[in-house]
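Every value quoted in this text rests on a predicted model; they were computed, and no experiment measured them.
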Amino acid sequence: MENPEVVTDLDVAARQQRAATTAKSVMKKLPEVTLAFWIMKIAATTLGETAGDLFAQTLKLGYFLTTIALFLLFVVTLVVQLRSRRYNPFFYWTVILSTSMAGTTMSDFMNRDASAKYLSGGSTSLGWGPQGLGLGYPTGAAILISVLVVIFAVWKLTGMTFVIRDIVSFRGEALFWSAILVSNTLGTSMGDFLSDSSGLGYAGGAALVTGVLMVLVALMRVPAVPNVLLFWIAFVLTRPLGATAGDFLTKPVAKGGLDLGTAGSSAVLLAVLIGLTGYAHIQERRNPAPSAALPPETGEYDGAAERAD
């Protein structure tokens with residue numbers, strides 16, 4: 001008969017070896033959350049607003065065609081990100097930008113209609129196809145919140161971590177990007193509501209969101225409030241901040257904007273984002289992300305880091 005203790009020792013040694021091998025082969029693909037991360041997030045979401053409006057309104061492609069085109073762009077950039085074996089700032093922030101642009105026109109298509117109220121100066125119509133479902137901001141936001149809750153519920157049921165620096169599996173990353181796309185669309189609806197319907201205007205809407213974000217920063221010092229929850233609330237709220245900031249840059253002075261135009265604003269924001277992404281890429285090459293250790297049996301993250309947070 002085999003000695004059970006010997007078998008057990010050999011089993012443990014084999015598992016440890018498999019764990020070491022797995023840890024060497026699985027690299028983190030999402031960034032650390034730092035101040036630079038939030039600056040790039042706001043720049044990307046503001047560019048998403050101005051670029052989405054550039055294609056849909058200034059170039060008069062319309063919400064319908066632009067939404068289809070930008071959603072396909074999102075799919076292409078997401079495939080590149082998912083196929084990457086490690087974190088690449090250019091891949092990651094390109095997907096963030098594509099979700100922001102797609103979210104802008106998806107929100108506009110859901111909430112607006114074809115009336116002249118939503119057309120840019122001098123336009124009488126937009127592109128081919130239906131130009132909006134006319135659901136309105138409250139209804140559109142309610143639908144998007146419901147979808148986002150479902151995504152997080154499914155995510156919770158999988159048992160995978162919500163801490164983005166520890167997401168290493170394909171399923172975890174797919175859930176992450178689904179939440180990003182919906183949250184960016186929801187954020188656009190919230191930003192447009194604050195700018196267009198709340199009476200606060202573009203600057204007032206941006207100031208309100210900034211104030212809420214400052215409250216979230218203060219809550220980080222409260223032990224009873226999970227930092228993961230604060231992160232996701234902040235991630236959603238930076239989108240309406242970008243939306244109101246983008247509208248403030250591009251809308252006419254008569255409507256409370258600076259009237260810098262969608263093309264000029266988008267070009268400046270794109271240059272800023274490329275510069276920040278290039279800097280992040282240099283930093284990543286100097287300090288490459290470590291391998292992510294996974295348990296040998298499941299190949300999934302065990303949640304220890306999340307519990308530690």
Side-chain angles (χ1 to χ4, degrees), residues 44-83 90-137 139-148 150-151 173-193 195-196 236 239-240 242-243 246-247 250 261-263 265-267 269-270 273:
T45 53
T46 306
L47 175 57
E49 178 72 17
T50 60
D53 288 345
L54 171 65
F55 291 119
Q57 299 182 30
T58 306
L59 299 181
K60 301 181 183 179
L61 297 179
Y63 301 131
F64 183 68
L65 288 179
T66 306
T67 295
I68 293 175
L70 292 179
F71 184 81
L72 292 176
L73 175 63
F74 159 69
V75 172
V76 171
T77 59
L78 179 59
V79 169
V80 174
Q81 165 68 19
L82 292 175
R83 290 178 63 86
F90 284 103
F91 294 166
Y92 175 84
W93 289 106
T94 299
V95 186
I96 291 290
L97 177 57
S98 67
T99 61
S100 297
M101 292 191 298
T104 296
T105 55
M106 287 169 62
S107 170
D108 289 344
F109 181 75
M110 289 178 62
N111 300 324
R112 299 179 177 185
D113 54 39
S115 66
K117 174 184 176 181
Y118 298 111
L119 299 178
S120 58
S123 299
T124 56
S125 63
L126 287 177
W128 176 84
Q131 289 314 307
L133 301 178
L135 298 178
Y137 297 127
T139 301
I143 292 173
L144 292 167
I145 289 173
S146 300
V147 174
L148 193 59
V150 170
I151 291 173
E173 202 176 354
L175 287 166
F176 171 79
W177 288 115
S178 298
I180 296 305
L181 178 63
V182 177
S183 67
N184 277 337
T185 307
L186 171 61
T188 302
S189 296
M190 294 169 61
D192 287 343
F193 172 76
S195 298
D196 299 337
V236 172
R239 184 62 186 97
D247 286 339
T250 60
T262 55
S265 298
S266 297
L269 289 166
L270 180 60
L273 186 59

### Task
Quick one: sort the Y92 and F176 rings into parallel, tilted or perpendicular, breaks at 30° and 60°.
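Rings of Y92 and F176: parallel, under 30°.
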Can you see which heavy atom on [X] is nearest to which on [Y], and at what distance?
X	Y	value
P240	G191	CB-N, 3.5 Å
T46	G242	OG1-CA, 3.3 Å
A51	S266	N-OG, 3.4 Å
W93	A44	CE3-CB, 4.4 Å
Q57	Y63	NE2-OH, 3.3 Å
S189	L144	OG-CD1, 3.7 Å

### Query
Stepwise, does the side-chain contact (heavy atoms from CB on, under 4.5 Å) test hold for T105 with F55?
CA-CA 9 Å; T105 55; F55 291 119; over 6 Å; no
### Task
Indicate yes or no for a side-chain donor-acceptor contact from R239 to the backbone of T185 under 3.5 Å, with no hydrogens or angles considered.
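Side chain of R239 to backbone of T185, a donor-acceptor pair under 3.5 Å: no, none is there.
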### Query
Between T104 (side chain) and G48 (backbone), is there a donor-acceptor pair under 3.5 Å?
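Between the backbone of G48 and the side chain of T104 there is a qualifying donor-acceptor contact (under 3.5 Å).
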### Message
I'd like to check the side-chain contact (heavy atoms from CB on, under 4.5 Å) partners of L72; sequence neighbours left out, ordered by chain and number.
### Response
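Partners of L72 by the side-chain contact (heavy atoms from CB on, under 4.5 Å) criterion, ordered by chain and then number, come out as I68.
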### Task
Just jot down the side-chain contact (heavy atoms from CB on, under 4.5 Å) partners of A141, sequence neighbours excluded, or say none.
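Residues passing side-chain contact (heavy atoms from CB on, under 4.5 Å) with A141: L186.
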### Task
Begin from the C-alpha positions of V75 and F71 and carry the test side-chain contact (heavy atoms from CB on, under 4.5 Å) through to its verdict.
CA-CA 6 Å; V75 172; F71 184 81; 3.8 Å; yes
Quick check for you: to the nearest 0.5 Å, what is the distance between [X] atom [atom1] and [Y] atom [atom2]?
X	Y	atom1	atom2	answer
F74	I96	CZ	CD1	9.5 Å
I143	L148	CD1	CG	13.5 Å
T66	L54	OG1	CG	9.5 Å
F109	L65	CZ	CG	10.0 Å
T94	L78	OG1	CG	12.0 Å
I145	M190	CD1	CE	7.0 Å

### Message
By the salt bridge (Lys or Arg N to Asp or Glu O under 4.0 Å) test, which pairs, at least two apart or in different chains, include something from residues 92-108?
### Response
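Sorted pair list: D108-R112.
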### S265 vs T50, side-chain hydrogen bond (donor to acceptor under 3.5 Å, both in side chains): CA-CA, chis, key distance, verdict
CA-CA 7 Å; S265 298; T50 60; over 6 Å; no
